[in-house]
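Here's the structure, in structure tokens; my notes come after.
Positions are given from 1 along the sequence.
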Amino acid sequence: MQKAANIYWLGVKELRSFLRDFVLLGLVVYSFSLAVTLQARSNSQELHNASIAIVDEDQSELSRRITHAFFPPLFQSPKLIAEQDIIPAMNSGRFTFVIDIPPDFERYVLAGHQPALQINVDATAMVQAGLGSGYAQQIITTEIADFLSHAEGVAPSGVNLDVRIAFNPNLTTAWFTSVMAIINSITMLAIILAGAAVVREREHGTMDHLLVMPLTPFEIALSKVWANGLVIAVAVGLSLVFVVRLMLAVPVAGSIPLFMVGVVVYLFFATAIGLFLGTVARSMPQLGLLYMLVFLPMNMLSGSNTPLESMPPWLARFMQLSPSTHFVAFAQAILYRGAGLDVVWPQFLAVAIIGALFFGLAILRFRSVVAQTT
């Protein structure tokens, strides 16, 4: 009971120190509110409101059908321009796409030839250019096929593609990036807060005060873990409810309480990294440099940015040793696909086992540093 009381009161001290540190407090608030909103709304990966112009040199029924096939929200209403205006318009950045329909295009199509139709693309807008080119080709091909079927009585294709998009039917980027921003912030802040707590004690000299008290290194370390973990867990819950669901209107398919249980399990690993780095670093700048070396590879290779299937096989297998990979896997399964505990329990177990091993390593490192201090 005495050890539990010591851990509790030391954690309360950590919470009070955190609330007085306005820089860290502001970082937590920003990371789970404004940063999530900015990443969800600015890092768009879908085509929206792309500017387009049409050069109609054919002036036929088919060319008019192609012109009217481009409409919002994917494209702006097409502007009709002359052929000599293509290069000046593209150079000035007025249009991302310019479609040039050549003379006698309809006649050659009806004659069974394969006339060329030019699509000029401004690739400086890389995402819009890549997606828009595919959409433009699909729209034009569909219009030509529909025109021929009505003009010549061609029988429709015997195969109909029925595309069903699960979990994100409109392919809205914000549904993915907002949740991934929260997941990335969990790892980032768990490392920073736990590491900063250790470095702050050493810089302010309060670590020596703790060591002369009847406290063990385990009690000191565990108090920092639960206090900083509580801050992050509360921030995650508030961000999911108020920022993701209410402000961004992103539907959460699964159980938020189940996800929060997974967050708490994962925080033992993430805060253990912070403790470990805090014992290695002797100042806040050193902690920041070590944080970048650890967080950036772990975040980029966890599957939150690119799927593991896109990585080299040896690297994907190696990343199975990182709890962040399993954390991203069960977070996506719960929040996107509505998975229950019967589906994600292997990932929960992997995070718990690997996190416990690393937590034990961090405690041993913390004990050795404390012993050297005394």
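The structure places CZ of Phe147 at 6.5 Å from OG of Ser60, a figure rounded to the nearest 0.5 Å. The structure places CZ of Phe318 at 13.0 Å from CG of Leu308, a figure rounded to the nearest 0.5 Å. Once rounded to the nearest 0.5 Å, the distance linking CZ of Phe70 with CD1 of Ile140 reads 4.5 Å. Rounded to the nearest 0.5 angstrom, Leu222 CG and Asn6 CG are separated by 11.5 Å. The distance from the CD atom of Gln347 to the CG atom of Leu341 is 10.5 Å, given to the nearest 0.5 Å. Atom CD1 in Ile119 sits 8.5 Å away from atom CZ in Phe97 (nearest 0.5 Å).
Relative ring orientation between Phe268 and Phe359 is described as perpendicular, the plane-to-plane angle rising above 60° on a 0-90° scale split at 30° and 60°. Using the six-membered ring where Trp is involved, Phe358 and Phe269 have ring planes that are perpendicular, over 60° apart on the 30 and 60° scheme.
Between Phe330 and Phe348, the ring centre distance stays below 6.0 Å.
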Criterion side-chain contact (heavy atoms from CB on, under 4.5 Å) on Val28 and Ile232, from CA distance to verdict:
CA-CA 8 Å; Val28 171; Ile232 297 173; 5.9 Å; no
Take Asp146 and Arg65 through the test salt bridge (Lys or Arg N to Asp or Glu O under 4.0 Å) and record every step on the way to the result.
CA-CA 10 Å; Asp146 186 63; Arg65 292 184 60 159; 2.4 Å; yes
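Side-chain atoms of Ser223 and Tyr8 form no donor-acceptor pair, as typed in the model, at a separation below 3.5 Å. Side-chain contact, Asp122 with Thr96: no donor N or O sits under 3.5 Å from an acceptor N or O.
Considering all non-hydrogen atoms of both residues, Ser302 and Ser324 come closest at CB-OG, 3.8 Å.
Looking at Trp226, its side chain does come within 3.5 Å of a backbone N or O of Ile7 through a donor-acceptor pair. Formation of a donor-acceptor pair under 3.5 Å by the Asn120 side chain with backbone atoms of Met90 is not found in this model.
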Check residues 237-247 and write down every donor-acceptor pair under 3.5 Å in which the side-chain atom is one partner and the other belongs to a residue at least two apart or another chain.
residue: Ser239; atom: OG; partner: Phe32; partner atom: O; Å: 2.7

Which donor-acceptor pairs under 3.5 Å do the side chains of residues 278-299 make with protein atoms, sequence neighbours left out?
residue: Thr279; atom: OG1; partner: Phe276; partner atom: O; Å: 2.6
residue: Thr279; atom: OG1; partner: Arg365; partner atom: NE; Å: 3.3
residue: Gln286; atom: OE1; partner: Arg282; partner atom: N; Å: 2.9
residue: Asn299; atom: OD1; partner: Ser304; partner atom: OG; Å: 3.4

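Within 6.0 Å of the CD1 atom in Ile87, the count of heavy atoms belonging to other residues, nucleotides or ligands does not exceed 12.
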